Protein chains: 2
Amino acid sequence: MSSGSESGPQLCNCLALRQAARQATQLYDRHLAPAGLRTTQFSVLVNLRRLGPMTINRLAQEMAIDRTTLGRNILPLERDGLIAISQGTTDKRRKELALTQEGTARLRRAAKFWSNAQADFEAQFGVKRAAALRAELREVAVIGVRQ
Amino acid sequence: MSSGSESGPQLCNCLALRQAARQATQLYDRHLAPAGLRTTQFSVLVNLRRLGPMTINRLAQEMAIDRTTLGRNILPLERDGLIAISQGTTDKRRKELALTQEGTARLRRAAKFWSNAQADFEAQFGVKRAAALRAELREVAVIGVRQ
DNA sequence: TGACAAAAGGTGCATATGCACGCATTGTAC
DNA sequence: GTACAATGCGTGCATATGCACCTTTTGTCA
């Protein structure tokens, strides 16, 4: 190959996405640390509050994450009493995830830190620029859904 | 908060980045699978070919990845004989990573699949649009470096 | 109703990620 | 030359990620 993978200025879309995601995750995680939550955990709680109780499959679809990954991500949250997992009544296969009171409280505390992280990010990257970036990233996420 | 984390259209930059990175990773990994390489592993090999033999710290810095993460990522590559790890002569702390012949061969095989992945991605997202996105993502990665 | 497809979820395996902490080696100053 | 900082790397711990494969439970249709 004359090599399409030479990468001074990073030609691989996937790599560029992963690097950026790693850096952003570190930034947000640092901010969220005082609340005892990781970025992923925070987003699980946020989505449960936003959409109400629901099953693992549904939430996974909502978060564009693999079902089995989410199934494991929620375990620490249950262990810490932030969410409750109950078996479905009509459909015994289902497991309903619901935010607990403690989870709600933790989420409230964490929200402040998340805002700080978001502000930190956007102070460096630009508010409008970030909004535009998110719009593009949404399109990228959709690509995956179609596969 | 009146809630900055409501996320129909995803307001969290970090989450947007992670979701997009996950989807892209799945796409690229599917394409690279026949070569027996993950996206991360492919990029390690690419960087070693591009920059020549070097230490873990140096490569980690080059790839904008945590040193300890990279230290573990290279283990499967060494196990499979794609890279060689040798102790430094002048400085005994150092470990030099180098592409082996087998690694070079594997990389050559994988390059084709990577091109397919890249083409697949850009056919859906747009070539110029992808280039613009990468440029923005590079800026995001730089934010992390400054912390 | 009995066979079979479809859906919800779990598990094993392998890798990816990074923080806190520790160990050995090297560089530096006095 | 010795104390001490700095550097290069490893480990323990916890979480994140997803594929292949499996079990249980529902839905469907003849």
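All figures in this text were calculated on a predicted structure; none of them were measured in a lab. Here is the naming used below: chain letters follow the sequence lines, and residue numbers restart at 1 for every chain.
- Comparing Ile65(A) and Gln87(A) against DNA chain D, the residue whose closest nucleotide sits nearer the 5' end is Ile65(A).
- Note: CD (Gln26(A)) to P (dG18(C)) measures 5 Å, nearest angstrom.
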Run the numbers on Thr25(A) and Thr40(A) for side-chain contact (heavy atoms from CB on, under 4.5 Å), then give the verdict. CA-CA 9 Å; Thr25(A) 299; Thr40(A) 304; over 6 Å; no

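- Of the candidates dT15(C), dA8(C), dC9(D), dT15(C) carries the atom nearest the Arg38(B) side chain, counting heavy atoms from C-beta on.
- A donor-acceptor contact under 3.5 Å links the side chain of Thr68(B) to the base of dC19(C).
- When heavy atoms are screened at a 4.0 angstrom cut-off, Thr25(A) is found touching no nucleic acid atom at all.
- Spacing between atom CG of Asn57(B) and atom P of dT26(C) amounts to 15 Å, rounded to whole angstrom units.
- Between Arg18(A) and Lys95(A), the residue anchored nearer the 5' end of DNA chain C, judged by the nucleotide with its closest heavy atom, is Lys95(A).
- Judged by atom type and distance alone, Arg67(A) reaches the base of dG10(C) through a side-chain donor-acceptor pair under 3.5 Å.
- Nearest-nucleotide mapping onto DNA chain C: of Thr90(B) and Asp80(B), the residue sitting toward the 5' end is Asp80(B).
- Side-chain proximity of Arg79(B) to dA16(D), dT15(C), dT25(C): nearest is dT15(C).
- With dT25(D), dA16(D), dA8(C) as the candidates, the nucleotide lying closest to the side chain of Asn73(A) is dA16(D).
- Relative to the side chain of Asp66(A), the nucleotides dT17(C), dC19(D), dC19(C) differ in distance, and dC19(D) lies closest.
- The phosphate of dA16(D) (OP1 or OP2) has no side-chain N or O of Thr69(A) nearer than 4.0 angstrom.
- In this entry the distance linking CD1 of Ile74(B) with P of dG8(D) reads 15 Å, nearest Å.
- Grouping the Ile, Leu, Val, Met, Phe, Trp and Tyr side chains by contacts below 4.5 angstrom, directly or via other members, places Leu75(B) apart from Val44(B).
- The nucleotide whose nearest atom lies closest to any side-chain atom of Arg72(A) is, among dG18(D), dT7(D), dG12(D), dG18(D).
- Here the side chains of Glu96(B) and Thr55(B) are in contact, with some heavy-atom distance below 4.5 Å.
- Between the CG atom of Asp29(A) and the P atom of dA14(D) there is a distance of 16 Å, given to the nearest Å.
- Per the geometry, CG belonging to Leu59(B) stands 14 Å off C1' belonging to dC9(D), to the nearest Å.
- For the pair Leu27(B) CG and dC19(D) P, the computed distance is 11 Å after rounding to whole Å.
- Looking at Leu82(A) and Leu37(A), their side chains come closer than 4.5 Å, going by heavy atoms from C-beta outward.
- Taking the side chain of Gln41(B) as heavy atoms from C-beta on, and the options dG9(C), dT25(D), dA16(C), the nearest nucleotide is dA16(C).
- One can place CG of Leu75(B) at 13 Å from P of dC9(D), the figure rounded to the nearest angstrom.
- Side-chain proximity of Arg93(A) to the nucleotides dT17(C), dT25(D), dC9(D) is greatest for dT25(D).
- Note on ring orientation: taking the six-membered ring where Trp is involved, the planes of Trp114(A) and Phe42(A) are parallel (angle under 30°, cut-offs 30° and 60°).
- Distance Gln61(A) CD to dG9(C) P: 12 Å, rounded to the nearest Å.
- For Arg22(A) and dA16(D), the shortest distance from a side-chain N or O to OP1 or OP2 is not below 4.0 Å.
- The main-chain N or O of Phe113(B) is never found under 3.5 Å from a side-chain atom of Gln118(B) such that the two would form a donor-acceptor pair.
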